[in-house]
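Here is the structure we will look at, set down as structure tokens.
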Amino acid sequence: MIYFLYGPDTYRSRRKLGEIIAEFDKKAGGGLAITRIDAADRPETMFSVGRTASLFAAKELIVIENAFAAPHEEIIDYVRANLPRWSRDRNLTVIFWEGETAKPEAVAADLKRQAEKSQEFLLLGPAAAAKWLVAEASRRNLRLSAEEQRLLVDRFGSDLWAMTQELDKIRDGWSPGRAVRAEEKIWSFGDAFLAHRRSTFRPLVNLLAAGYDPIYLVGALASALRSLALVWQGVRTGKLKKMTAGLNPYVVRKNIAPAGSASGESIAKSFQALRRADEELKTGKLPPPLPLVKLVLKK
């Protein structure tokens, strides 16, 4: 049996993954053998999927993450060749989890056809994010004012990871209104990161001491870098107004000078470093705030 979970909204897809695992374990009465594979990190483990049954459990559940990021073409071939057999096996359940829209498309189409269930998790729009926030706060026995709801949705949009971190802080007495008053500190942090990364270490220490979550800070840096990239592209193509239509005019003006001295290569490397830190934090590969500290200290 095969399940396929994919899409850019990794918060909801990971929650769904947890629910499926818990449900299968409950049905198996605790006698479920669970194996987790990250094909991007350890691609060779893919070749063991479904080849040997567990000695201690009648049912086996295998969770495969990032199969399409595996570096070897033979892994994709192995997956496609074995999909029919896995889908028919009543004692074996394989859950494929992908953080982005699955590629290559031909393999994704095969997975969807063979899967017992496939589900795509798209990023939520503002109205849907607001509805999700109210439901999530209720689930946590939190009551948010209309102003608090507006502030959270305006600030984080579809970033449910960041919103859940804020809900944790609200539970512990944090007020969303403080985030508005601290906006300049975050902007200064992002500006310092873009200008001279290592100069960001002391502001980072202060922000962490003030209670800011590392995932939120990585998101703030990513937002600052996206703004710079849009201005950089707009300046070089002569389409600055069109490229930055969604940005605050002040943000555009302050990025004009940095965009003039930045290179496409340096911006791309910064995006790669931010993505790596984001993945390390969200998957728990490194304990927080270590990925963020590594990020700002790297030359």
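- Put simply, the side chain of Ser138 never gets that close to the backbone of Val134: no donor and acceptor are under 3.5 Å apart.
- What you find for Leu295 and Ala273 is that their closest heavy atoms are CD1-CB, 3.5 Å.
- Between the CG atom of Asp278 and the CZ atom of Phe271 there is a distance of 12.5 Å, given to the nearest 0.5 Å.
- In this structure, Glu98 contributes its side chain and Ala67 its backbone to a donor-acceptor pair below 3.5 Å.
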Please walk me through it: do Leu92 and Ile62 pass side-chain contact (heavy atoms from CB on, under 4.5 Å)? CA-CA 8 Å; Leu92 173 68; Ile62 299 176; 3.8 Å; yes

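- Ring pair Phe24/Tyr3: centre-to-centre distance below 6.0 Å.
- Counting only heavy atoms from C-beta outward, the side chains of Met1 and Ser87 never approach each other to under 4.5 Å.
- Lys294 contributes atom NZ, which lies 5.0 Å from atom CG of Leu286 (distance to the nearest 0.5 angstrom).
- Tracing side-chain contacts under 4.5 Å through hydrophobic residues (I, L, V, M, F, W, Y), one reaches Leu292 starting from Leu297; they form part of the same cluster.
- Taken to the nearest 0.5 Å, the OG1 atom of Thr164 stands 10.5 Å off from the CG atom of Leu133.
- Under a 4.0 Å N-O distance rule, the pair Arg15/Glu19 does not qualify as a salt bridge.
- With a 6.0 Å radius and a threshold of 12 heavy atoms from other residues, nucleotides or ligands, Arg90 has its CZ atom above the threshold.
- Formation of a donor-acceptor pair under 3.5 Å by the Glu148 side chain with backbone atoms of Ser145 is found in this model.
- When atom types are taken as modelled, the side chain of Asn82 and the backbone of Tyr78 share a donor-acceptor pair closer than 3.5 angstrom.
- Between Asp38 and Lys285, the shortest heavy-atom distance links the atoms OD2-NZ, 4.1 Å.
- In this structure, the side chain of Thr200 engages the main chain of Arg197 through a donor-acceptor pair within 3.5 Å.
- Using a 4.0 Å cut-off between charged side-chain N and carboxylate O, Glu136 and Arg139 make a salt bridge.
- With Trp86 contributing its side chain and Ile2 its backbone, the two residues share no donor-acceptor pair below 3.5 Å.
- Thr93 has its side chain out of reach of Ile20: every pair of non-hydrogen atoms, C-beta onward, lies at least 4.5 Å apart.
- Between the side chain of Asp159 and the backbone N or O of Ala162, at least one donor-acceptor pair lies under 3.5 Å.
- The OG atom of Ser118 lies 8.5 Å from the CG atom of Leu111; values are rounded to the nearest 0.5 Å.
- In this structure, Ile215 and Gln165 approach most closely via the heavy-atom pair CD1-NE2, 4.4 Å.
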*asked:* Before you tell me yes or no, could you show the steps for Phe47 and Glu74 under side-chain contact (heavy atoms from CB on, under 4.5 Å), namely the whole-Å CA-CA distance, both residues' side-chain angles and the distance that decides it to 0.1 Å?
replied: CA-CA 10 Å; Phe47 297 112; Glu74 57 264 32; 3.8 Å; yes

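- Between Arg85 and Asp89 there is no salt bridge, since none of the side-chain N atoms of the basic residue sits less than 4.0 Å from a carboxylate O of the acidic one.
- A salt bridge links Glu65 with Arg14; the closest basic N to acidic carboxylate O contact falls under 4.0 Å.
- Using a distance-only test at 3.5 Å, with no hydrogens or angles considered, a donor-acceptor pair links the side chain of Arg12 to the main chain of Leu122.
- Side-chain contact check for Ser266 and Ser263: at least one donor-acceptor pair (N or O, by modelled atom type) lies under 3.5 Å.
- Minimum interatomic distance between Lys169 and Asp213 (heavy atoms only, all atoms of both residues): NZ-N, 4.2 Å.
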Query raised in the report: Please walk me through it: do Ile64 and Arg36 pass side-chain contact (heavy atoms from CB on, under 4.5 Å)?
Result: CA-CA 6 Å; Ile64 301 174; Arg36 302 190 75 131; over 6 Å; no

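- One N or O on the side chain of Asn255 and one on the backbone of Val251 form a donor-acceptor pair closer than 3.5 Å.
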message = Between Phe201 and Phe193, does the ring pair (Phe, Tyr, Trp, His ring centres under 6.0 Å) criterion hold? Intermediate values first, please.
response = CA-CA 9 Å; Phe201 180 70; Phe193 178 82; over 10 Å; no

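- Tyr11 does not carry Lys16 over the face of its six-membered ring by the limits of under 6.0 Å from the centre and within 45° of the normal.
- Within a 6.0 Å radius of CD in Glu265, no more than 12 heavy atoms belonging to other residues, nucleotides or ligands are found.
- Leu17 and Leu61 fall within the same hydrophobic cluster, defined by Ile, Leu, Val, Met, Phe, Trp and Tyr side-chain heavy atoms under 4.5 Å apart, directly or through other members.
- Residues Lys254 and Asp191 are paired through a salt bridge, judged by an N-O separation under 4.0 Å between the basic side chain and the carboxylate.
- No chain of hydrophobic side-chain contacts below 4.5 Å, direct or via other Ile, Leu, Val, Met, Phe, Trp or Tyr residues, connects Leu290 to Tyr212.
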Review point. When you look at Lys185 and Leu207, which way does the side-chain contact (heavy atoms from CB on, under 4.5 Å) test go after all the steps?
Key: CA-CA 8 Å; Lys185 293 182 180 179; Leu207 289 169; 4.3 Å; yes

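- Val218 is listed as a side-chain neighbour of Leu281, based on a closest heavy-atom distance under 4.5 Å.
- Within 6.0 Å of atom CZ in Arg236, more than 12 heavy atoms from other residues, nucleotides or ligands are found, so the atom counts as buried in its surroundings.
- Side-chain contact check for Trp161 and Thr10: at least one donor-acceptor pair (N or O, by modelled atom type) lies under 3.5 Å.
- At a threshold of 4.5 Å between side-chain heavy atoms, the hydrophobic network of Ile, Leu, Val, Met, Phe, Trp and Tyr places Trp97 and Leu123 in two separate groups.
- Rounded to the nearest 0.5 angstrom, Asn206 CG and Ser188 OG are separated by 11.5 Å.
- A salt bridge links Asp168 to Arg171: one of the charged nitrogens lies within less than 4.0 Å of a carboxylate oxygen.
- Here the shortest heavy-atom pairing between Leu152 and Met163 reads O-SD, 4.0 Å.
- Hydrophobic cluster membership differs between Ile267 and Val252, with clusters built from Ile, Leu, Val, Met, Phe, Trp and Tyr side chains linked at under 4.5 angstrom.
- Pro214 and Leu208 get closest at one heavy-atom pair: CG-CD2, 4.0 Å.
- One finds a salt bridge joining Glu147 and Arg150 here, because a Lys/Arg side-chain nitrogen approaches an Asp/Glu carboxylate oxygen to under 4.0 Å.
- Judged by distance alone, the side chains of Tyr6 and Lys112 do bring a donor and an acceptor atom under 3.5 Å apart.
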All N/O donor-acceptor pairs, side-chain side in residues 220-230, below 3.5 Å, sequence neighbours left out:
{"residue": "Ser227", "atom": "OG", "partner": "Ser223", "partner atom": "O", "Å": "3.1"}

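- Asn66 CG to Phe96 CZ: the interatomic distance, rounded to the nearest 0.5 Å, is 12.0 Å.
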